[in-house]
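Worksheet for the structure shown next.
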Amino acid sequence: MGSRGGHTRMEVGSDGVAVITIVNPPVNSLSFEVLHGLKVSFDQAIQRNDVKAIVVTGAKGKFSGGFDISAFGGIQEAKDRPKPGWISIDIVTDTIEAAMKPSVAAIDGLALGGGLEVAMACNARLSTPTSQLGLPELQLGIIPGFGGTQRLPRLVGLTKALEMILASKPVKGKEAFSLGLVDGLVQPNDLVNTARQWALDILGRRRPWVASLYKTDKLEPLGEAREILKFARAQAQRRAPNLYHPLVCIDVIEAGIVAGPRAGLWKEAEAFEKLVQSDICKSLVHVFFAQRGTTKVPGVTDRGLVPRQIKKVAILGGGLMGSGIATALILSNYPIILKEINGKFLDAGINRIKANLQSRVKKGKMTKENFAKAVSLVTGSLDYESFRDVDMVIEAVIENVSLKQQIFVDLEKYCPPHCILASNTSTIDLNLIGEKIKSKDRIVGAHFFSPAHVMPLLEIVRTKQTSPQVIVDVLNISKKIRKTPVVVGNCTGFAVNRMFFPYTQAGLLLVERGADVYQIDRVITKFGMPMGPFRLVDLVGFGVAIATGSQFIQNFPERTYKSMLIPLLQEDKRAGETTRKGFYLYDDKRKASPDPELKNYIEKARGISGVSVDPKLAKIQEKDIVEMIFFPVVNEACRVLDEGIAVKAADLDISAIMGMGFPPYRGGIIFWADSFGSKYIYSRLQKWSELYGEFFKPCAYLAARAAKGIPLSAPVEQAKSRM
Ligand SMILES: C[C@H](O)CC(=O)SCCNC(=O)CCNC(=O)[C@H](O)C(C)(C)COP(=O)(O)OP(=O)(O)OC[C@H]1O[C@@H](n2cnc3c(N)ncnc32)[C@H](O)[C@@H]1OP(=O)(O)O
């Protein structure tokens, strides 16, 4: 059954303490070998006469990152699955926790998921102040499966345990200590020695010998516990109505409180076994690895290039994007120069940055001192004189070709020759922007999403000339500022905007043929998007929507659906949320409500397009709405892959999730599409293109894969070689 690698090491000191070390780089995950090794080491330590007490720790400053996620596939496919509970009960509970010799977990770096669960089965835990401790399993569509649902509430109380598990939110060692999750805080150098002594102290009854599973002092009384669980259920349902594993988790926790921890462990083991087989788990595990895979770019990151140090960054333009990008950088301690064209704009830009930071202070995410420190990292400038020692420039001015061309000429003149020249353009061809300069290898796109200090994605756009070193450098910056990067090729809309252009277009086409705006948005939100296409256009604003639309009409005329609905609305000063009227009406609190007058505009637009209401689409079902909105998105994603704009399908999954809010529990756009199969999607699009026109026409990539029955996610070479 799957999962290979790693082992445990046991050394017995002259003090009679056996130190068992988990060794499985890079994060000491618990593979089946490691788990087996833990059992064998514990059995030996228990049997050996020279061992009095046990310390469990992890190699190289990391306790453990939890159960080996790459082993999930093995469990899913295995035919001769061992009975549920063989790890949680046989190893963690009946071997580790029940050992007749005391054990102490010495935690440095991280103890996550199964890692923390092993630590909680020890009789005490010591941690360094900065270690991360948590049970993030729900993020993977499963629940803690090595006893975490039972032991965490007994160590920290139900309320805190639910908060940590349901939000998959780890705590630092310091907080863990104040919660009672760890028994002492120790600096890394003293960790193992202190743990040895601690274990001997337990043996000598100078410290308590605790089995977490049977602790009751932190648990709330039953009545109160039931209320807390009820509240948690309601909250989980509200936060993620399409997910059921959080509810299963709450049921399992409740079972332990009501029927006792041993019954709780069994229920946990059975539920874990089922959930690990679920589509939601499969999708989320795919996302976990896909997200880590975006930084692996063939021909770029496999050359052994070392990222250069970026000490200072200059940002051109203090508008919404520029100030957001500046905020993202200073939050990771990069000193920045903000350049504007006059004092008024500069002040406005700096004030925007301050407002961004202030809102973090308000939310308790930033202290006042750190606010002052962050602000001090910003230097304003009205010229290029201070650009002589910058390592990177990010241009974020308005989308105007000749303005950008001039800026790049100036940059080449003033910046040092190693300086990276990045543009945040979302529509203009990078080759055009850099047309007038010589150092084309330094040009790269750094496409942030608004608000830049909040949205997690960074599209790194390369041209044919961009040097691999520059890409490696920008990948490194994105890691430092905690963004997920996706490296894409240069084209209109790059990957994200291009894939999601048909999202709105499909909506417009359906509405002109009789479907209801508000029903579409409702269904799409229920599917899991943060908002439907119409609410999204309202938010983005019609000015931007029309500008992007015209870019697409210019570049992809054959497949752009040319509806006049948005321009008609704009003509009437309905330009979206900022004007309080768009597809919806907005009140003082920006709450959206449907507008009965909208139908007049739709009728007018219908007249201009020359289409009539299709009785079938006027009564369209939920399933069809989802498919008619998203299959065109899939179709465009296939083109993006086929043209080599994206390196691999998984990158588009991550782009869709992080750039547009596609639900991660559906695995991303292509992963989701493959659950239908290329044949089905092709046949649907083909049918609609016959009925409703070119907009739906399946692309060659989709057609070829459908003909051979190959998944859309299969590498491009494979599909081509089979054709
Ligand atoms: C039964 C149990 O209850 C079930 C479980 O325990 S499920 C697992 C629970 N644990 C988790 O969810 C933790 C998942 N891991 C993480 O959050 C982060 O990787 C981390 C905080 C541990 C480290 O983060 P960071 O330093 O940024 O490194 P990151 O790039 O994420 O990971 C390093 C490598 O370790 C791998 N890795 C991390 N955790 C892993 C795990 N639990 N299993 C297998 N591989 C893992 C990553 O895939 C990555 O591999 P790569 O280098 O080949 O891409």
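Both ligands and their constituent atoms are indexed starting at 1 by order of listing. Below, each value reflects all heavy atoms present in this structure, side chains not excepted, and no hydrogens, waters or symmetry copies.
Here Glu175 does not pair with Lys172 in a salt bridge; the nearest charged N to carboxylate O distance is not below 4.0 Å.
In this structure, the separation between SG on Cys281 and CG on Leu275 is 8.0 Å, given to the nearest 0.5 Å. The NE2 atom of His447 lies 9.5 Å from the CG atom of Leu458; values are rounded to the nearest 0.5 Å.
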Could you check ligand 1 for N or O atoms lying under 3.5 Å from protein N or O atoms and list the pairs with distances?
from	atom 1	to	atom 2	distance (Å)
ligand 1	3 (O)	Glu117	OE1	2.6
ligand 1	3 (O)	Glu137	OE2	2.5
ligand 1	3 (O)	Gly145	N	2.9
ligand 1	6 (O)	Phe67	N	2.9
ligand 1	6 (O)	Gly114	N	2.8
ligand 1	10 (N)	Gly65	O	2.9
ligand 1	31 (O)	Arg292	NE	2.6
ligand 1	31 (O)	Arg292	NH2	3.3
ligand 1	42 (N)	Gly65	O	3.2
ligand 1	42 (N)	Phe67	O	3.0
ligand 1	43 (N)	Ile69	N	2.9
ligand 1	54 (O)	Lys296	NZ	2.7

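Note: Trp672 and Phe662 have perpendicular aromatic rings, judged against thresholds of 30 and 60 degrees for the angle between ring planes.
Looking only at side-chain heavy atoms (C-beta outward), Ser127 and Phe63 stay at 4.5 Å or farther from each other.
Checked against the 6.0 Å centroid criterion, the rings of Phe72 and Phe288 do not qualify as a close aromatic pair.
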